[in-house]
Amino acid sequence: MKKFVLSLVLVLGITAAVFAQNDLQVLAVVKYGSSESITVKQVKTRCTLYEKQRNTKLTLEEKKMVLKALIEEKLVLQAAAKEGIAIPESTVDQYFLANMSQAAGGPVTEKQLNELLKTQQGKSLDQALQEQVGMNVTEYKLYLKNQLIAQQYIIKQKQSELQGITATDEEIRAAYEGNKSSFVWNDMLEVFLVIVPKGSSADSAKNKCNDLLKKYKAKPNSDTEKQIVEQAKKENFQAGSLTLPKSEAAAETIGMPFKNLCFLFDQGDGYISDLSETANDFRFIRVGKKYGAKMLSISDIVSPGSNVTVYEYIKANLTNQKQMQYLAKAADEVASGLNKPEYVEQKKTGDALDKLLNW
């Protein structure tokens, strides 16, 4: 039995070593600027991202398409570097947080998101991202940065053509008529919400939230709200103004029972709640202006407090869609134009490539 166990361990060790070696195999070398290798591991990482997005395994042919996309991405990035196109880390961080805030249902800092995930799911942001996209925070930010650089390069190459693409009046009005039922206001309520996560000390969180509530009740105005929002950016809590529709989904977004949200709709403008406690945090909320439900005409503003009309909103969205469609085709054209034998050395082809991509 001992010999069998020892043999099994040796076999497993050899198998792991083979997989590790395969991951380091170079599939192609891109050399439009500096020489960069694309390995099996890089293709696996990108395939994992797409598989998690699609919730399905990629075929061999799709993996080859991913390899081609990685080659052309590196070509575009090297071409962008030659033209001096760069994206500052601060922009990448903002883009990353915008994505994370959208997923979280409200503005959050990276620190706040880490704390929320630890409190709610018992995992770090690194772990959560690894599960969702197969990358940690650093790797995902690099991925976003490269996407932004590539986008800027393509836009620069096609600037004049892009500027000429816009939605027509006919397209805008047709889009409104075809989606008129979706342009409505539910009953809505403006609120100012402060949430202090319990973190490692519920008592400390309660005291902090109480102090913030006292500060706000002493001077319940926009200046105090701005001060609290600025404080939230530096410390471990959330604060901000929201416009909430009267719906169970909206209540769920802010972690509130729907009946409590309905209660707020019954309160007068300026009502400030007492301190309340949930399983994960302490909070208070201030009630602001209310808006009644109505169907929007094409000339109405699209949301309370906005100066953007439905017409302008549709125009911006249709124009963006048309420009993105154009950029997608332009990206293929630009990348394909760079994908030449003198710039790309294919290290693995045919059966050898198929074998390495067959995981």
Heavy-atom check, side chain of Asn99 versus side chain of Tyr140, under 4.5 Å | yes
Would you tabulate the side-chain donor-acceptor contacts of residues 328-343 under 3.5 Å, counting partners in other chains and residues two or more places apart, or write 'none'?
residue: Ser336; atom: OG; partner: Asp332; partner atom: O; Å: 2.7
residue: Asn339; atom: ND2; partner: Glu72; partner atom: OE2; Å: 3.1

Does Lys52 NZ have over 12 foreign heavy atoms under 6.0 Å away?
-> yes
Let me have the donor-acceptor pairs involving side chains of residues 292-304, under 3.5 Å, with sequence neighbours excluded, atom names and distances please.
residue: Ser297; atom: OG; partner: Ser299; partner atom: N; Å: 3.4
residue: Ser297; atom: OG; partner: Ser299; partner atom: OG; Å: 3.3
residue: Ser297; atom: OG; partner: Asp300; partner atom: N; Å: 3.4
residue: Ser297; atom: OG; partner: Asp300; partner atom: OD2; Å: 3.3
residue: Asp300; atom: OD2; partner: Ser297; partner atom: N; Å: 2.8

Is any side-chain heavy atom of Val40 closer than 4.5 Å to a side-chain heavy atom of Leu24?
-> no
Heavy atoms of other groups near Tyr313 OH, more than 12 under 6.0 Å | no
Run the side chain to side chain contact (heavy atoms under 4.5 Å, CB included) check on Leu162 and Ile155 step by step: do they pass?
-> CA-CA 8 Å; Leu162 199 60; Ile155 289 173; 4.1 Å; yes
Flag side-chain contact, heavy atom, 4.5 Å: Met65 against Tyr50 | no
Which pair of non-hydrogen atoms, one from Ile87 and one from Lys145, has the smallest distance, and what is that distance?
-> O-CE, 3.4 Å
Is it the case that more than 12 heavy atoms not belonging to Lys246 sit under 6.0 Å from its NZ atom?
-> yes
Counting only N and O atoms by type, is there a donor-acceptor contact under 3.5 Å from the side chain of Glu139 to the main-chain atoms of Asn136?
-> yes
Would Phe237 and Gln231 satisfy side chain to side chain contact (heavy atoms under 4.5 Å, CB included), going step by step from the backbone distance to the final call?
-> CA-CA 9 Å; Phe237 69 94; Gln231 186 177 343; 4.0 Å; yes
Aromatic ring proximity, centroids under 6.0 angstrom, Tyr176 and Tyr311 | no
Quick one: is the NZ or CZ of Lys208 closer than 6.0 Å to the six-membered ring centre of Phe282, and within 45° of its axis?
-> no
Which heavy atom of Ile228 sits nearest a heavy atom of Ala239, and at what distance?
-> CG2-CB, 3.8 Å
Kindly say whether Pro197 contributes a backbone atom to a donor-acceptor pair with the side chain of Gln112 at under 3.5 angstrom?
-> no
In terms of heavy-atom contacts, does NZ of Lys41 have more than 12 from other residues, nucleotides or ligands at under 6.0 Å?
-> no
Please name all residues satisfying side chain to side chain contact (heavy atoms under 4.5 Å, CB included) with Asn221, sequence neighbours left out, ordered by chain then number.
-> Lys219, Asp223, Thr224
Search all heavy atoms of Asp93 against all heavy atoms of Lys141 and return the closest pair with its distance.
-> OD1-NZ, 3.0 Å
Could you give me the CA-CA distance, side-chain angles and deciding distance for Lys290 and Glu190, then say whether side chain to side chain contact (heavy atoms under 4.5 Å, CB included) is met?
-> CA-CA 6 Å; Lys290 300 183 185 72; Glu190 289 180 354; over 6 Å; no
